[in-house]
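Some notes on the structure that comes next.
Counting convention: from 1, in listed order, for ligands and their atoms alike.
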Amino acid sequence: MSRSDDLSIEAEKVIPGGVNSPVRAFRAVGGTPRFVDRGRGAYLEDVDGRRYVDWIQSWGALLFGHAREEIVQAAVEAARRGTSFGAPTEAEVRLAERIVAAVPGVDMVRLVSSGTEAAMSAVRLARGVTGRPRIVKFEGCYHGHSDGLLAQAGSGLAAFGLPGSPGVTGGAASDTMVLTYNDLDGVRAAFEADEDTIAGVILEPVAANMGVVPPTPGFLEGLQELCDAHGAILIFDEVITGFRLGAGGAQALYGVTPHLTCLGKVMGGGFPCAAFGGRRDLMEHLAPVGPVYQAGTLSGNPVAVAAGLAVLDLIESLDPYPILVKQAQRLADGLAESFERAGIPVTINRMESLFSVFFAEGPVSNFLEAKASDHQRYAKFFHAMLDEGIHLPPSGYEGWFLSAAHGDSEIQKTLEAAADAAARLG
Ligand SMILES: *Cc1c(COP(=O)(O)O)cnc(C)c1O
């Protein structure tokens, strides 16, 4: 019995499934999760003293790897001056200014503590502004676990085979229309049938919770036109893509500016800090200026904000993106080559540094196709890699997350382990 196995047993007695977020539990791949003792750069060290190259990076929150000195330092210094005030601070203004400067669609921004809160609040704002009840989302896109957004929501749920969740009322679910990603005609038809009831459309502009699925050419532009034509709010959930595909997120990359944007993960530097923002006239519907209520005791928390500012400083001074893209390409190409050599059908979808591995002939352009890939083979691959000290995301519906701390040697190690694993799986 390893210490991780012991801790799993103890954890399951007091925490449902032994984890505080379901994907951590390895249910999609089997086995027991590794309990982490510490992280440094590209590596995790578990409680049994084993080291792993970490391709999860807190599910994309760590653009500069674990325990990056500048970020830790900023958080420690902030904590010494007080960990929460319930009153405004200068650092919040500076972080908001930086986000506004970086993200094209954001004139004003409100800080929150999680991506769930950001998406939930953006949807409330869209409803409050338009006075309409319904939200269009896409199957396989995840926007956090708030009631109305949990319908057919990708990775976590997909791994468990749950269509939605008990506890979500019919009322909440019926205000959510779930359509097919990359199917613009479906959205057009929905607007033609229900124009007066649709408050907005929310999506991941590059989907990354059904594995990585980029938008097909014209999809984002088409959504923008439809929303403009029908008086609906276009919401980009850039909780993963924001500050990962580039400082301006997917919207800068594709040149499509949404009305509202959700941010999280990278911008918090590994701390609970997220945001939603958008056009000034829309954001000014929020209390205390307008009537749409939204609040948080720990919103704009000084420790998290200090970490967020430190990350944005690093992004500005280091411009990590060109190297991240190059490394991701090397990794994805190397993986593809190993699987092809072993005669294993594989489709690797990649957008900039964001990619995922589908064991399928492809193409994979929506959730149905993502689901049809061989997830049992992914589970075997996952464990073969884990045994070699490579910690992949424990589900084929998740992206692989590169950080600036992953260098040539981590990529080399990963490719060598993958070549061995592929040969054995083939
Ligand atoms: C992770 C994620 C969320 C939820 O963020 P939490 O901080 O886990 O609440 C929302 N949207 C997307 C696209 C995400 O990847």
Hey, which atoms in ligand 1 end up nearer than 4.0 Å to a heavy atom of [X]?
X	value
E204	13 (C)
S114	7 (O), 9 (O)
I240	15 (O)

- Item | Sole candidate of L226, V136, I235, I233 that passes side-chain contact (heavy atoms from CB on, under 4.5 Å) when paired with V201 | V136

- Distance-only N or O hit between ligand 1 and D237, under 3.5 Å: yes

- Message: For ligand 1 and Y142, I'd like to know whether there is a polar contact (N/O to N/O, distance under 3.5 Å).
- Response: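 Yes; at least one N/O pair falls below 3.5 Å.
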
- Query: Within 4.0 Å of atom 8 (O) of ligand 1 (strictly less), any protein heavy atom?
  - Reply: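 Protein heavy atom within 4.0 Å of atom 8 (O) of ligand 1: absent.
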
- Query: Any idea which protein heavy atom is nearest atom 6 (P) of ligand 1, and the distance to it?
  - Reply: G115 N, 3.4 Å

- Message: Can you report which non-hydrogen protein atom sits closest to atom 4 (C) of ligand 1, along with the distance?
- Response: T116 N, 3.6 Å

One thing to verify: whether [Y] and [X] come together as a salt bridge, which I'm taking to mean a side-chain N less than 4.0 angstrom from a carboxylate O.
X	Y	result
R94	E90	yes
R98	E316	yes
D281	R279	yes

- Minimum non-hydrogen distance to atom 10 (C) of ligand 1, winning option of G144, A119, P272: G144

- Tell me, please: is K265 in heavy-atom contact with ligand 1, that is, under 4.0 Å?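 Under 4.0 Å: yes for K265.
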
